[in-house]
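Just so we're on the same page: letters track the sequence lines, and every chain starts at 1.
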Protein chains: 2
Amino acid sequence: MTGQEKKDAKQRIYDAAISLFARKGYAAVGVREIAKTANVNISMICYYFGKKVDILKAIINECYDKYYQTILNIGDESTPTQERVRLIVRNLVEFFRANTELAMVALNTLPIDIPEIMELKIKWMSRKSKATIELYTQLGLDTNDVVKINVIRAVLTTIILEHFQFRYAWKHIMQTPNKSKYTREFIKQETIPEYNDAFYEKYSEILAELYFHGLNSIVAHNPASEEGNNTTK
Amino acid sequence: MTGQEKKDAKQRIYDAAISLFARKGYAAVGVREIAKTANVNISMICYYFGKKVDILKAIINECYDKYYQTILNIGDESTPTQERVRLIVRNLVEFFRANTELAMVALNTLPIDIPEIMELKIKWMSRKSKATIELYTQLGLDTNDVVKINVIRAVLTTIILEHFQFRYAWKHIMQTPNKSKYTREFIKQETIPEYNDAFYEKYSEILAELYFHGLNSIVAHNPASEEGNNTTK
DNA sequence: ATTTTAATCAAGCGTTCGTTTAAAACAAAC
DNA sequence: GTTTGTTTTAAACGAACGCTTGATTAAAAT
């Protein structure tokens, strides 16, 4: 009760940063804005995190950590293939639903010109590649076919992330008080459901269906006019 | 020959901005850096574009304009469905291939806190929604089923964009002189093909396959335990 | 020959950036 | 009640930010 009622300053800074980075992007948010949102002094950020980029590091680490717990928790090779696909879709959807802003920041931030972030992302992507190979093999996919791998590499994550980004943007569009002509027209034209449990149950089911049958079709796909240029290391 | 040899200043500013925005993100790039890269004085940017945000507007407009030329150029309803899917995938891949940086900037920039950009994007997205309805109908998709629409809404664009973002990032990873342990390990572990015409022909074919069969599976999908909660406006 | 227009430049406006410092406030421990 | 270590504060550092100004140049139009 001695001030434990409110979250400690570090957590408030962290939460404010996630929220602001998600909405504006990492570079567009200043430390002063984070401090103000978190109701702390500017130098608290330095005190708890060091540099601004260290907040981003913490965000990326938390996100990928949770992300990999998610995709690893889909049973082993004894589980039927379609069931595993259903599980991975369902888990991913739940992950993004529970960590929308966290995932938006971690997955959207362009790392190319921030070497430390680039390295961090590469470290995690390296893990992911290894983790997914096993699933691809079970699906019957030729993991030496670089084209097929390039097509499906990040399909699931990307599709789901895009959905939550659209949902996130939509929420902000609706909250904007003064809407332009185009915006009002767009709102009228789009049919947006309630994003509740029922929606995401159906969403996961349909996405799993699409993913499973899509994958099966390219596993079976062997073009006639192609010689084996699939192991071009 | 009177200085027409080099592109005019406005074009140099525009090209520099696209390249820098793609690599670092809009907010992380300053006008001074754009001017320096374009080899012009800072005030030329104001002279030709006005505000910094006006460069972004021009980029977004050019991108979406080309984008819609692309997705509209896939024949009409008399064209066989699978052929139209093949066409739209092929065209989209060619579009992203020819305009990678332009598309990265236009599609990745977070618009929520820049009202003018938000409006611009909404204007274009509104057009897209209308344009794709016709194709969905031909595919046999129930366009009143908000869940199915939510699943496939931006699937194609998102998948292809992700591929080119990965390719873009990979190029920069390889160009970095001092690579860390993780990076070297990642490079060794990944098999990256030559991204030439042959690759993208096969890539388009496989993606079209995945998309077509995935779509067909969800068109046919009618869950038993669901009553009609699909018109929840 | 004179005026108009378009293009370019150096310099600087006020503001905000990420970061740091040194000291105050506070807690618990002795 | 003093000490000790943690948390918080105000103030300020130099650098970079977006943007503007006023002068200069060269070509075009009159």
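Taking atom OH of residue A/Y47 and atom P of nucleotide D/dT8, one finds them 8 Å apart after rounding to whole Å. The separation between B/I45 atom CD1 and D/dC17 atom C1' is 12 Å, rounded to whole Å. B/E33 has its CD atom 7 Å from the P atom of D/dC17, to the nearest Å. Distance, A/K36 NZ to C/dT16 P: 10 Å, rounded to whole Å. B/M44 has its CE atom 17 Å from the P atom of C/dA11, to the nearest Å. If you take CZ of A/F49 and C1' of C/dG18, they are 16 Å apart, rounded to a whole angstrom. Rounding to whole angstrom units, CD1 of residue A/I55 and P of C/dC17 are separated by 14 Å. Spacing between atom CG of B/D8 and atom P of C/dA6 amounts to 15 Å, rounded to whole angstrom units.
By the side chain to side chain donor-acceptor pair (under 3.5 Å) test, B/Q11 pairs with B/D15, sequence neighbours left out. With sequence neighbours excluded, no residue satisfies salt bridge (charged side-chain N to carboxylate O under 4.0 Å, His left out) with B/R90. Residues forming a side-chain contact (heavy atoms from CB on, under 4.5 Å) with A/I74 (at least two apart in sequence, or on another chain): A/R84, A/L87, A/I88, A/N91, A/L135. For B/D76, the side chain to side chain donor-acceptor pair (under 3.5 Å) partners are B/S78, not counting sequence neighbours.
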Check your understanding: Are B/F199 and B/E194 close enough, and set up right, to give a side-chain contact (heavy atoms from CB on, under 4.5 Å), and what steps lead you there?
Key -> CA-CA 7 Å; B/F199 174 86; B/E194 254 199 86; over 6 Å; no
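Taking every heavy atom of residues 13-32 of chain A and every atom of DNA chain C, pairs under 4.0 Å involve A/V29, A/G30, A/V31, A/R32, by number.
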When the side chains of residues 109-119 of chain B are checked against the rest of the protein, which donor-acceptor pairs come out under 3.5 Å, sequence neighbours left out?
unit_1: B/T109; atom_1: OG1; unit_2: B/V105; atom_2: O; d: 2.5
unit_1: B/D113; atom_1: OD1; unit_2: A/R23; atom_2: NE; d: 3.1
unit_1: B/E116; atom_1: OE1; unit_2: B/K57; atom_2: NZ; d: 2.7

Which donor-acceptor pairs under 3.5 Å do side chains of residues 151-162 of chain A form with protein atoms, sequence neighbours excluded?
unit_1: A/R153; atom_1: NH2; unit_2: B/E162; atom_2: OE1; d: 2.9
unit_1: A/R153; atom_1: NH2; unit_2: B/E162; atom_2: OE2; d: 3.3
unit_1: A/T157; atom_1: OG1; unit_2: A/Y67; atom_2: OH; d: 2.6
unit_1: A/T158; atom_1: OG1; unit_2: A/A154; atom_2: O; d: 2.5
unit_1: A/E162; atom_1: OE1; unit_2: B/R153; atom_2: NH2; d: 2.9
unit_1: A/E162; atom_1: OE2; unit_2: B/R153; atom_2: NH2; d: 3.3

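Residue pairs meeting the ring pair (Phe, Tyr, Trp, His ring centres under 6.0 Å) criterion with at least one member in residues 100-121 of chain B, sequence neighbours excluded, do not occur.
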Check your understanding: For nucleotides 20-26 of chain D, read 5' to 3', which letter fits each nucleotide if B means a protein heavy atom sits under 4.0 Å from the base, S means only the sugar-phosphate is that close, and - means neither?
Key -> BB-----
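Of the inter-residue distances, the one linking A/T37 atom OG1 with A/L20 atom CG reads 4.5 Å to the nearest 0.5 angstrom.
B/Y48 comes within 4.0 angstrom of sugar-phosphate atoms only, judged by non-hydrogen atoms across all strands, and of no base.
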